[in-house]
Amino acid sequence: VRAVALGICGTDFELISAQYGWAPPGSDHLILGHESLGRVQDAPKDSGFQKDDLVVGIVRHPDPVPCVACAVGQWDMCRNGKYTEHGIKERNGFCSEHWRIEPQFLVKLDSALGELGVLMEPTTILAKAWDHITRIGERALWKPKILLVTGAGPVGLLAALIGAQRGLEVHVMDRVASGPKPQLVHDLGGTYHTGSLDKLGFTPDIIIECTGAAPLIVDAMNLIGNDGILCLTGVSSHGQREPIDIGTLNRNMVLENGVIFGSVNANRGHYEMAEQVLLKADRNWLARMISRKEPLANWQEALKRRPDDIKVVIQFTSD
Ligand code: BGC
């Protein structure tokens, strides 16, 4: 595959600061990059791929045992933690001008997506989260109306996008009051909030937590209402202590059928769902999520955070 673009995300910053990540066995370095986009350069005849297909690499590979989940292609639910991930865990990533991959870990994209295809991998994370929210909700009659998303970074905005596509009343809470985020939420038909969660004045049916920040997580837990679902997607750093009344929390969860659950990664089915989400979305809105593109020669700039960044992309070639 010839690389077209590569998205940078919070996990990459954790990798760079050596808080997370594992090099391939026997190697003293790890090639970064898990949000890929490329064009097939060469493919075996019976692989289902042809030269110039627009493609994305699947991040996680099943564990070699395999566990019961990985054995049926649900590597996102790996039971023994021996899975590997491109650019994150024991498998080199996609931050190179060319990369090779087994066809079963490559996903062909509708060419209509073009360079917006770089948003596929982060969208798969939310496609999975929504898939599981739906499965949990449907344990009984379920008519959710209100969605609250905490964090208006790429993950939060994609969570909000899917909520809007599902016809929910969308609310997004973030700490910044300026820059492109409020308008992006507004353009989804959503309401943008800053300030604190306990002043919201309504009870969401679904909360998707996308910051990993301890105070917000506690506030989100306290906000869960009857039959409510809180999905945690932000990977927190260790050692964030926050006082919490577990008695009240447990009491509310039991008496109100509450669910708090975590969601990570995505399997092939979620890549298919994510493609549908992107195809249905407004292309101009998606393009605005990509707030900065740095040419490969400037890659170091892509790894420096700027205040108005949403999704920063390293551009290898024009599509
Ligand atoms: C990636 C996931 C991965 C997770 C944990 C995220 O940034 O998007 O694919 O499973 O990190 O390593």
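All ligand and atom numbering here is 1-based and tracks the order in the structure.
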Looking at residues at least two apart in the chain, or sitting in another chain, which of them share a salt bridge (charged side-chain N to carboxylate O under 4.0 Å, His left out) with R166? none

Just checking Y192 against H171, ring centres under 6.0 Å apart? no

Would you check if V56 and L109 make a side-chain contact, meaning some heavy-atom pair closer than 4.5 Å? yes

Taking atom types as modelled, is there a side-chain donor on T150 or E209 under 3.5 Å from an acceptor on the other? yes

Taking the ring of F94 and the ring of H86, is the distance between their centroids below 6.0 Å? yes

Donor + acceptor pair across side chains of R175, T194 (<3.5 Å): no

Sorted by chain and number, the residues that approach ligand 1 to under 4.0 Å with a heavy atom: C9, T11, Y20, H34, V59, R60, E85, I88, E121, I125, V264, N265

